[in-house]
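Chain letters run A, B, ... following the sequence lines, proteins first and then strands; every chain starts at 1. As the structure is a prediction and not an experimental result, all values here were calculated from the model.
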Amino acid sequence: MQIRLYNTLGRELQELKPVKEGKVGLYCCGPTVYNFAHIGNLRTYIFEDILRRALEYAGLKVNHIMNITDVGHLTGDADDGEDKMEKSARETGKTPEDIAAFYTEAFFNDTQRLNILKPSTSCAATDHIGNMIGLIKRLEKNGFTYVSGGNVYFDTSKFPSYGELALLDRQQLRDGARIEVDTNKKNPRDFVLWFTNSKFENHLMQWDSPWGSGYPGWHIECSAMSMKYLGETFDIHCGGIDHIPVHHTNEIAQSEAATGKKWVNYWVHGEFLLMDKQKMAKSSGNFITLQTLVDSGYDPLDYRYFCLGGHYRSQLVFNYESLDASRNARLNLNDRVIALKSAAEPAEVNSISESAAKYLTDFDGHLANDLNAPRALSEMWQLLKDSSISEQDKLTAVLQMDRVLGLRLDELEAALPELTEEEASLVQQREDARKSKDWQKADEARDKLLSMGIIIKDTPQGPRWTKRV
RNA sequence: GGCGCCGUACCCAAGUGGUAAGGGAGAGGUCUGCAAAACCUUGAUGCAGCGGUUCGAAUCCGCUCGGCGCCUCCA
């Protein structure tokens, strides 16, 4: 299975050729842990999870690194900005460390519920200050930095290919269009590598450095940590599409200026989730969290399924009508898989019939073609509806597909949910009443069960039930 | 103003020049004491509009209309 991905660097589909055969170094920009993630954020992590699973499915060994930003990510450009962690700490009266610990846990709780695999390593910025200082020293030695107003800046004019990823040379940017530019900069595109306390005397998190006590800029953490865990040149760097013009552009500049080598071979970016035709954002107040969905009675996997329905490089419009469609589709899917499980045992993947294997081949092809998850999902439905395929082959192939889709089909149990003694007795009473054609009594039992959260369905094999969520 | 995109059925959505995947909703039917479930059948001669290239266009080109993102922290 040869995977092709759309590389933002170059803007074209490219075959993935790992630096080291059979292995892939994957770096994904992680959360800034100052608040809960919203479902738009989570869409990106779902896409990255599909990518990782697809790589592993294709037989590659993936070293998946994700950072946790717990310092240095400002709310604005340089001087007028505020550290997001400290802002949250100040507003809640807690320490930045407490804030970070709390939202880191909340984040992993969300990803776990979405069946997103944990990174091989997730690393906190504050645990890698030394690596960042080391990298800034290399940049300084190579002549890419200057100190102004007490901060260490990266001098973008010294890096000729600056902005290649975002095609910045083709743009006529409006500097300071909506926010004042830091006057310490030689060039508006320059960015801070290290802040000293000259500007932020009260900053709670400070570390010693050759340039004075202070804290790192946001961008430097990704360069320092990715290099530590993946080496100075690695395969894939992911993130949201919004990171292309600034964050990822700056990461490339500082990384390659330090090492003199090509840093990342493939840049893969996820598009936005739209809410009411606009991007979901905390600032516009139109964001919802995973917990909001759970509180409304949805399973987190309903949202995962929803995301699978759109291509990662297309904007996806969120609304409850289509989330309902995803929920219904998933419940239908689960029912089918449960029925298959009660009828057959999964077999070895390479033992299934040719016609069943064809579905898997097509499925693989869709994944390999720039992660076309919607098409892959479609393939699964076509397989399920193909009456010429045996139940065992269907089950085997579907479970194989779910290794990438991650809908927890393997965990579904064929057995009916357990009933309490009272509930079981009511089911029996209803059956007895039905046999004697006492429909009124039978319906009373059904209503009572319904009020207890048990939904009865009559099948040719007798009554079946599900518990209402 | 520049840059990057998008506009496909009631909703979401795939579609990489060769004759419109899939899901949901809806409709009809089988079954059923009823209900639910299940199963079967069913949907765009059409892809914002208008031109053009082509044997052939949702796919390529141009224009028009409408929408989104970025240029500011942002997934």
Trainee: Taking a pair as Watson-Crick or G-U wobble with both distances under 3.5 Å, which nucleotide is matched to B/G7?
Mentor: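 Pairing partner, where one exists within any strand: B/C65.
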Trainee: How long is the line joining CZ of A/Arg313 and C1' of B/C68, in whole Å?
Mentor: 16 Å
Trainee: Mind checking side chain to side chain donor-acceptor pair (under 3.5 Å) for A/Thr8 and listing every partner two or more places apart, or none if nothing turns up?
Mentor: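 A/His269.
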Trainee: Looking only at atom C1', what distance separates B/C39 and B/A75, rounded to whole Å?
Mentor: 42 Å
Trainee: Using the P atom in both, what is the distance from B/C55 to B/G22, to the nearest Å?
Mentor: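 Taking atom P in both B/C55 and B/G22, they lie 32 Å apart.
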Trainee: Could you check which nucleotide pairs with B/C70 in any of the strands shown, counting Watson-Crick or G-U wobble with both distances under 3.5 Å?
Mentor: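 B/C70 is paired with B/G2.
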Trainee: Determine, for A/Tyr162 and A/Arg189, whether the Lys NZ or Arg CZ falls below 6.0 Å from the six-membered ring centre while staying within 45 degrees of the axis.
Mentor: no
Trainee: Rounding to the closest angstrom, what is the interatomic distance between B/G56 and B/G18 at atom C1'?
Mentor: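 My reading of the C1' atoms in B/G56 and B/G18 gives 7 Å.
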Trainee: Shorter than 3.5 Å, N or O on both sides, protein versus nucleotides 21-23 of chain B: list them out with atom names.
Mentor:
residue: B/A21; atom: O2'; partner: A/Ser378; partner atom: OG; Å: 3.2
residue: B/A21; atom: O2'; partner: A/Gln382; partner atom: NE2; Å: 2.8
residue: B/A21; atom: N3; partner: A/Ser378; partner atom: OG; Å: 3.3
residue: B/G22; atom: O4'; partner: A/Ser378; partner atom: OG; Å: 2.9
residue: B/G23; atom: OP1; partner: A/Lys385; partner atom: NZ; Å: 3.0

Trainee: Under a 3.5 Å cut-off for both contacts, is B/A13 paired Watson-Crick or G-U wobble with anything, and if yes, with which nucleotide?
Mentor: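 The base-pairing partner of B/A13, which may sit in any strand shown, does not exist here.
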Trainee: Tell me, please, which residues at least two apart from A/Cys28 pass side chain to side chain contact (heavy atoms under 4.5 Å, CB included).
Mentor: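 Partners of A/Cys28 under the side chain to side chain contact (heavy atoms under 4.5 Å, CB included) test: A/Leu26, A/Glu48, A/His64, A/Cys238.
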Trainee: C1' atom, B/C60 versus B/C68: distance in rounded Å?
Mentor: 23 Å
Trainee: The criterion is side chain to side chain donor-acceptor pair (under 3.5 Å); which residues satisfy it with A/Gln440, sequence neighbours excluded?
Mentor: none
Trainee: Using Watson-Crick or G-U wobble geometry with both distances below 3.5 Å, tell me the partner of B/C47, or none.
Mentor: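 Check on B/C47: unpaired, no WC or wobble geometry under 3.5 Å.
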Trainee: Between A/His366 and A/Leu273, name the one whose nearest nucleotide on RNA chain B is closer to the 5' end.
Mentor: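 On the 5' side of the pair lies A/His366.
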Trainee: Taking a pair as Watson-Crick or G-U wobble with both distances under 3.5 Å, which nucleotide is matched to B/U59?
Mentor: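 Per the H-bond distance test, none.
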Trainee: Whole angstrom is fine here: how far is it from CG in A/Asp458 over to P in B/U30?
Mentor: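 Rounding to the nearest Å, CG of A/Asp458 and P of B/U30 are 19 Å apart.
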Trainee: Could you give the distance separating B/G69 and B/C61 at their C1' atoms, to the nearest angstrom?
Mentor: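 Approximately 25 Å lies between the C1' atom of B/C61 and that of B/G69.
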Trainee: In whole Å, measure the gap between the P atoms of B/U8 and B/C12 for me.
Mentor: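 Going atom to atom, P in each nucleotide, I get 8 Å.
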Trainee: Show every salt bridge (Lys or Arg N to Asp or Glu O under 4.0 Å) that has at least one partner inside residues 373-398 of chain A, sequence neighbours left out.
Mentor: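 Found none.
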Trainee: Going by heavy atoms closer than 4.0 Å, what residues in residues 238-252 of chain A are next to RNA chain B?
Mentor: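 Residues of residues 238-252 of chain A that come under 4.0 Å of RNA chain B are, in numerical order, A/Gly239, A/Gly240, A/Asp242, A/His243, A/Pro245.
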Trainee: Is it the case that the ring center of A/Phe318 lies less than 6.0 angstrom away from the ring center of A/Phe306?
Mentor: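 A/Phe306 vs A/Phe318: aromatic centres under 6.0 Å.
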Trainee: Please report, rounded to the nearest Å, how far the P atom of B/A14 is from the OH atom of A/Tyr6.
Mentor: 16 Å
Trainee: Regarding A/Asn372 and A/His366, is there a side-chain donor-to-acceptor distance under 3.5 Å anywhere?
Mentor: no
Trainee: If B/U42 has a Watson-Crick or G-U wobble mate with both distances under 3.5 Å, name it; if not, just say none.
Mentor: B/G26
Trainee: Between the base of B/A35 and the side chain of A/Arg446, is there a donor and acceptor pair under 3.5 angstrom?
Mentor: yes
Trainee: Does A/Arg189 get its side chain close enough to the base of B/C71, under 3.5 Å, for a donor-acceptor pair?
Mentor: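 It does not, because no donor-acceptor pair links the side chain of A/Arg189 to the base of B/C71 below 3.5 Å.
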